[in-house]
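All of these numbers come straight from a predicted model, not from anything done at the bench. Quick note on labels: first sequence line is chain A, next is B, and so on, each numbered from 1.
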Amino acid sequence: MLDPSKIRKTLDDTAAQLTKRGFKLDVAQVQDLEARRKQAQVAAQELQQERNKRSKSIGQAKGRGEDIAPLLAEVGALGEKLGEAEAELAAIQQALNDILLGIPNIPHASVPEGMDEAANEEVRRWGEPAEFDFEPRDHVDLGESLNAMGFDTAAKIAGKRFVTLHGDIARLHRALIQFMLDLHGGEHGYSETYVPYLVNPASLRGTGQLPKFAEDLFHIQEQDLYLIPTAEVPVTNIFRDRILAAEDLPQRYCCHTPCFRSEAGSYGKDTRGMFRQHQFEKVELVQIVHPGESYEALEALTGHAEEVLRRLELPYRVVTLCGGDLGFSAAKTYDIEVWLPGQDNYREISSCSNFEDFQARRMSARWRNPESGKPELVHTVNGSGLAVGRTLIAVMENYQKADGSIRIPEALQGYLGGQSYIGNGTG
RNA sequence: GGAGAGGUGUCCGAGUGGUUGAAGGAGCACGCCUGGAAAGCGUGUAUGGGCUAACCGCCCAUCGAGGGUUCGAAUCCCUCCCUCUCCGCCA
């Protein structure tokens with residue numbers, strides 16, 4: 001959420017900044033509601049003040065043993081008028097709040113102009129895509145020939161966009177999780193965390209998935225709980241309604257969870273394989289930082305995610321998302337894209353974002369600034385480090401051999417009892 | 001799941017309808033005292049919002065959440081959430 005008083009004071013400027021991401025703010029509507037809010041709020045508060053004064057004097061009269069009947073008569077229809085004024089104010093505030101909750105974050109000045117991914121800017125590239133002296137296969141072919149991936153089986157058990165993994169591929173999948181957690185926890189200074197996979201609506205409102213993006217989530221009606229679409233939701237909400245001491249910043253968490261997404265808006269997109277699934281594993285990096293340090297934190301966090309790919313020796317590039325491609329809550333996002341020989345393309349494997357105070361305001365996550373002595377909003381930064389399913393795909397496709405076997409990256413061999421190949425081949 | 005107890009400010013804790021935004025204590029900040037410190041004494045110390053160009057100031061809201069009763073609710077009633085104790089069940 002943007003700062004309501006700032007929107008009020010710099011409405012036109014705010015609207016102009018939002019056009020960078022293709023969002024049209026209805027300035028006239030906000031102005032109208034705001035004017036009505038002001039009028040209604042002043043009216044309601046004056047009536048409340050009147051009520052408070054009279055009630056107090058009734059109490060005082062009663063304390064002195066006087067007859068309060070005439071005072072009660074005087075109050076008359078005040079209560080009714082007050083009720084009406086409060087109801088009117090509540091309705092206006094509700095309407096205003098609905099609009100406010102639906103306004104996306106303002107893109108940072110360094111975010112490139114543009115409306116779709118074609119306008120994203122590549123900032124760096126690492127590694128060279130390997131040359132194969134045979135036609136490289138994609139992970140679906142590889143997985144099925146190894147009898148290690150079951151798309152049909154998963155469809156039978158659950159439905160489309162699920163997978164079963166077996167044997168060494170399942171072990172490799174698990175090893176990737178361990179490897180990532182050890183790297184971020186052990187070397188990058190993140191504290192490993194375990195969280196609920198079901199969350200309440202307030203948590204999703206805090207990070208920005210609700211109220212606008214309910215159709216992307218799996219919802220459990222009976223208890224009104226949602227399956228998490230990313231660990232970002234439960235981890236960031238650890239700090240909802242909290243005030244941290246200055247010395248508690250920054251907070252850095254790494255967290256492995258499954259993620260659940262309905263993929264409602266992506267029918268027919270990436271339907272082959274396990275690139276886009278309803279359920280996937282991810283190791284998430286989350287930082288709660290001093291507002292002056294969030295952009296340094298974003299650079300550092302992106303570097304931490306990249307380090308996973310460097311250790312696995314997987315070629316990748318980093319792009320800055322343009323305004324139109326930016327997620328709802330983000331002020332700036334770097335996508336990390338890994339090379340996939342099966343698609344002959346770089347594909348997203350991590351998304352690292354600075355949300356500035358957008359999420360913090362929604363969830364009232366604050367720190368006490370010693371300079372002012374007052375609670376002020378923190379900044380939140382997070383990113384995937386990395387999406388595990390996609391990393392598995394990348395390892396399989398980049399490390400495949402002509403006979404369909406897969407070499408295991410050196411960084412992972414220790415997690416697999418020293419094993420160096422998966423499959424029938426010896427290399 | 002059954003029975004009971006409870007959720008108050010940074011923390012502990014009083015308050016069961018009326019000058020209570022909230023006693024008292026702890027903590028913290030500043031001042032006095034001291035050679036310095038401790039102790040002692042004094043003062044201050046919630047959050048959100050509105051009016052205002054802004055400061056000062058004034059006002060409104062908030063005692064788990066949401067409704068209700070009342071001129072007036074932290075206090076009474078209802079619903080929900082959470083915590084604790086005992087019993088049952090259980091990975």
Side-chain angles (χ1 to χ4, degrees), chain A residues 1-13 30-31 33-101 194-206 210 220-226 234 237-249 258 357 360-378:
Chain A
M1 190 161 73
L2 301 177
D3 182 353
S5 76
K6 197 173 164 193
I7 291 180
R8 217 177 287 152
K9 285 172 191 155
T10 61
L11 187 57
D12 290 325
D13 185 49
V30 173
Q31 268 171 340
L33 277 168
E34 183 46 36
R36 286 164 56 203
R37 187 226 96 228
K38 189 170 182 167
Q39 181 268 325
Q41 182 162 354
V42 171
Q45 290 189 350
E46 275 172 3
L47 286 168
Q48 284 170 330
Q49 184 181 358
E50 180 71 12
R51 189 256 337 255
N52 290 347
K53 274 186 183 155
R54 288 183 184 269
S55 293
K56 196 172 270 188
S57 67
I58 290 172
Q60 287 168 340
K62 204 178 173 189
R64 290 191 298 267
E66 298 167 9
D67 178 21
I68 60 169
L71 288 171
L72 285 180
E74 254 178 63
V75 171
L78 186 63
E80 204 178 314
K81 269 162 60 184
L82 177 61
E84 282 167 18
E86 283 177 337
E88 193 195 341
L89 176 62
I92 294 168
Q93 273 176 333
Q94 177 74 56
L96 212 44
N97 202 251
D98 286 349
I99 291 173
L100 245 40
L101 281 174
Y194 175 81
V195 293
Y197 302 159
L198 291 168
V199 295
N200 56 34
S203 295
L204 288 156
R205 218 171 294 124
L210 287 180
I220 294 161
Q221 294 277 349
E222 287 72 17
Q223 291 85 2
D224 197 17
L225 291 171
Y226 293 80
N237 273 279
I238 290 171
F239 298 95
R240 173 151 53 90
D241 294 323
R242 277 183 62 182
I243 301 171
L244 294 171
E247 58 267 30
D248 291 333
L249 294 177
D357 62 13
R361 182 171 295 104
R362 284 175 162 243
M363 70 175 84
S364 190
R366 295 173 294 174
W367 69 296
R368 193 171 292 277
N369 184 349
E371 313 228 329
S372 65
K374 293 287 174 189
E376 295 173 14
L377 296 168
V378 296

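Using modelled atom types, no side-chain atom of A:Arg240 and backbone atom of A:Met363 make a donor-acceptor pair closer than 3.5 Å. Distance alone, capped at 3.5 Å, places no donor-acceptor pair between the A:Asn369 side chain and the A:Glu376 backbone.
For the C1' atoms, the distance linking B:G64 with B:G9 amounts to 14 Å, nearest Å. Between B:G2 and B:C80, the two P atoms lie 12 Å apart (nearest whole Å). Separation of the P atoms belonging to B:C76 and B:G18 is 12 Å when rounded to the nearest angstrom. Rounded to whole Å, the P atom of B:C86 lies 28 Å from the corresponding atom of B:C77. Spacing of P atoms, B:G42 relative to B:C33, comes out at 16 Å, to the nearest Å. A gap of 15 Å separates the C1' atoms of B:U75 and B:A23, to the nearest Å. Nucleotides B:G24 and B:A14 place their P atoms 15 Å apart, quoted to the nearest Å. Comparing the C1' positions of B:C58 and B:G72 gives a spacing of 22 Å, expressed to the nearest Å.
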For RNA chain B, the dot-bracket notation using Watson-Crick and G-U wobble pairs below 3.5 Å, [ ] for pseudoknot-type crossings and | for other-strand pairs, is ((((((((.[[[..)..(.....]]]((((((.......))))))((((((.....)))))).[[[[[..)....]]]]])))))))....
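Nearest-nucleotide positions on RNA chain B place A:Arg368 closer to the 5' end than the other of A:Arg368 and A:Glu86. Each of A:Ile58 and A:Asn52 was assigned the nucleotide of RNA chain B with the nearest heavy atom; the assignment lying further toward the 5' end belongs to A:Asn52.
Residues A:Arg37 and A:Leu96 approach most closely at CD-CD2, 3.9 Å, considering heavy atoms.
Using a 4.0 Å cut-off between charged nitrogen and carboxylate oxygen, A:Glu34 and A:Lys38 do not count as a salt-bridge pair.
At least one side-chain heavy atom of A:Leu101 sits less than 4.5 Å from a side-chain heavy atom of A:Met1. At a threshold of 4.5 Å between non-hydrogen side-chain atoms, the residues A:Trp367 and A:Asp248 do not count as touching. The shortest side-chain heavy-atom distance between A:Leu71 and A:Arg54 does not fall under the 4.5 Å cut-off. A 4.5 Å side-chain heavy-atom check between A:Gln93 and A:Gln41 finds at least one atom pair inside the cut-off. A:Leu33 is listed as a side-chain neighbour of A:Ile99, based on a closest heavy-atom distance under 4.5 Å.
Counting non-hydrogen atoms under 4.0 angstrom, A:Gln41 reaches the backbone sugars and phosphates but no base. Note on A:Lys53: nothing from the nucleic acid sits closer than 4.0 angstrom, heavy atoms only. Backbone-only engagement by A:Arg8 is indicated by non-hydrogen atom pairs under 4.0 Å involving sugar-phosphate atoms exclusively. Within the nucleic acid shown, A:Arg64 has no heavy atom closer than 4.0 Å to any nucleic acid atom. Residue contacts shown for A:Arg242 are absent, as no nucleic acid heavy atom lies under 4.0 Å away.
Looking only at atom types and distance, the side chain of A:Ser55 has no donor-acceptor partner in the side chain of A:Asn52 under 3.5 Å away.
Nucleotides of RNA chain B lying under 4.0 Å from heavy atoms of chain A occupy a range whose first and last members, 5' to 3', are B:G18 to B:G72.
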